[in-house]
Amino acid sequence: MKIAVIPARGGSKRIPRKNIRPFCGRPIISYSIDAARQSGLFDEIIVSTDDEEIAAVSRQLGAATPFVRPREIADDFTGTNAVVKHAVTWFRERGNEISHACCIYATAPLIQPRHLREGYEALARSDAAFAFSVTSYAFPIQRAVRITTSGRVDAFYPEHRLTRSQDLEPAYHDAGQFYWGTAAAFCDDVPLFSERSIGIVLPRKYVQDIDTREDWEQAEYMFRAISRD
């Protein structure tokens with residue numbers, strides 16, 4: 001059995017009610033639910049939330065909310081693994097055998113079903129614990145600079161001041177969309193960011209972190225552009 005777990009607690013501070021706020025005319029969480037359904041991969045698509053309004057909206061959109069997320073894993077400091085571990089354990093305690101779980105963020109409106117399938121296929125044919133979305137930095141990190149207290153520029157990597165961009169190794173970062181893992185890896189608290197994880201590289205046009213209102217507006221521009229492709 002494979003499950004999708006969409007974390008969506010109610011206490012967003014920077015963007016109030018972020019997980020069900022309208023994004024291009026629909027609650028933002030609807031895009032994650034739809035992508036999970038359209039992927040054809042999951043036996044259950046659940047939303048893990050501590051908030052009844054979010055739960056009600058999620059049910060209307062076709063997701064299940066079989067439990068209320070406990071308060072101890074519904075704060076600002078709870079990570080992805082703990083939320084998925086709770087969901088997997090909940091199902092197992094009721095006699096369900098879970099092989100794989102996928103955490104899909106509620107605020108990932110650019111997520112594509114084909115990328116979810118790519119992640120699962122990469123994990124299934126490997127001995128890795130996780131496979132999650134990453135994307136490349138738009139500029140070489142080796143050419144990064146800091147601003148000193150006096151307002152001057154200082155290179156993080158002085159040895160690469162004169163290195164050509166095309167000669168530098170590409171770098172990637174977490175794309176903040178989905179995190180596939182074996183049920184055992186989640187339940188055994190295997191670290192997500194380790195050599196036991198596979199990076200599923202997404203084109204940058206599908207990636208936008210949404211933490212501020214400016215991020216939100218940028219993501220809507222990107223969504224509309226992609227919808228015209």
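- Residue W216 is tested with R14, R21, Q208 for a side chain to side chain contact (heavy atoms under 4.5 Å, CB included); the sole match is R21.
- Listed here is the closest heavy atom pair of V190 and N81: O-ND2, 3.1 Å.
- Put simply, the side chain of M1 does not reach to within 4.5 Å of the side chain of S99, judged on heavy atoms.
- Just one of T212, I210, D211 meets the side chain to side chain contact (heavy atoms under 4.5 Å, CB included) condition when paired with E214; it is T212.
- Proximity of K18 to I28: side-chain heavy atoms (C-beta onward) are nowhere separated by under 4.5 Å.
- Within 6.0 Å of CZ in R152 there are 12 or fewer heavy atoms belonging to other residues, nucleotides or ligands.
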Criterion side-chain hydrogen bond (donor to acceptor under 3.5 Å, both in side chains) on R204 and T135, from CA distance to verdict: CA-CA 6 Å; R204 288 196 296 271; T135 196; 5.7 Å; no

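- In terms of hydrophobic clustering, with Ile, Leu, Val, Met, Phe, Trp and Tyr side chains grouped at heavy-atom distances under 4.5 Å, V83 and F193 are assigned to a common cluster.
- The main-chain N or O of S48 is found under 3.5 Å from a side-chain atom of R69 such that the two form a donor-acceptor pair.
- Not counting sequence neighbours, the partners of D154 by the salt bridge (charged side-chain N to carboxylate O under 4.0 Å, His left out) test are R146.
- The structure places OG of S58 at 10.0 Å from CD of E53, a figure rounded to the nearest 0.5 Å.
- Taking the six-membered ring where tryptophan is involved, the planes of F223 and Y31 are perpendicular, since the angle between them exceeds 60° and thus also 30°.
- Between I111 and I104 there is a side-chain heavy-atom pair separated by less than 4.5 Å.
- Here the side chains of T107 and N19 are in contact, with some heavy-atom distance below 4.5 Å.
- Within the 3.5 Å criterion, the main-chain N or O of W90 finds a donor-acceptor partner in the side chain of R94.
- The side-chain contact (heavy atoms from CB on, under 4.5 Å) search around D189 returns K85, not counting sequence neighbours.
- Relative ring orientation between Y120 and H100 is described as perpendicular, the plane-to-plane angle rising above 60° on a 0-90° scale split at 30° and 60°.
- Heavy atoms of other residues, nucleotides or ligands lying less than 6.0 angstrom from CD of E72 number more than 12.
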